Amino acid sequence: MVIHALLAASLAMTSMPATALQARVDCARVKCLALTFDDGPGTTTPALLKILGKAGAKATFFLVGKQVEKRPEIAAQVVKQGHAIGNHTYSHASLPTLRDDEILEELKVTQEVIGQATGQQPTMFRPPYGHTDERVLGLADEANLAQVLWTATTLDWQLRDAKKIKAAVLRLAGRDGVILMHDTVPATVKAMPEIVTELKKRGYHLVTVPTLLRGKRPQSGVSYF
Ligand code: NI
């Protein structure tokens, strides 16, 4: 049984493209940071993907179902480049204000939409506005989703200025941190080349949330960060 699992794992590894091998980064040994981008895919997402690709950086994208329906090919591109994806609800709703069946609908429809676009269903979700409670977490468990929050938010949507956003990220960055940004904010994308360069200079490995969790699969119904 164990041997079969190991064999399957090694076979899976060899068939994986180089970009997907980031799980090998051991955040127990090196300095890691997870950049996360919410609310896309948007019109500015392809430019961000190009910047991250050039830098060899991996990130996590919390996708809005409605946006994935508009731009399925960009969602597919995110996965193809080895980034992690999460569910950010279908309509970017404040979940605690909804009934149980409405919350499940927001999560489950988005799982389907993302699965259709990318061939992959998320194991993580992030509640819009960070609005959540025990009821939401329990329903997320029913939808097989772990909740992923953040350690620091840049408020990039409020700053809307590349220099200020860069300063905020560099101030908030810390080992094993999870930084919240938005790929739909043009100034964030504009700031990203310098942010990535500076973070790498400071010794950070820019990794996905699952890699930050030491390669463990996020557990359904558990809240992280
Ligand atoms: Ni959001």
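Only heavy atoms go into these numbers, but all of them, side chains included; no hydrogens, no water, no symmetry mates. We count ligands from 1, going down the list as the structure has it; atoms in each ligand are counted the same way. These figures come from a predicted structure and were not determined experimentally. For this chain, numbers begin at 1 and follow the sequence in order.
- Between the Ni ion (ligand 1) and the N, O or S atoms of His88, the shortest distance is to NE2.
- Inter-residue side-chain proximity for Thr208 and Leu212 is flagged as unmet; no heavy-atom pair is nearer than 4.5 Å.
- Cation-pi geometry between Lys66 and Tyr90 is not satisfied (NZ or CZ under 6.0 Å from the ring centre, within 45° of the ring normal).
- Within His92, the N, O or S atom at minimum distance from the Ni ion (ligand 1) carries the name NE2.
- Side chains of Ile85 and Ile114 form a contact here, defined as non-hydrogen atoms less than 4.5 Å apart.
- The closest side-chain donor-acceptor pair between Asp38 and His182, if any, does not fall under 3.5 angstrom.
- Residue contacts to the Ni ion (ligand 1): Asp39 brings an N, O or S atom closer than 2.8 Å.
- Taking 2.8 Å as the criterion, His182 does not count as a coordinating residue of the Ni ion (ligand 1), since none of its N, O or S atoms falls below it.
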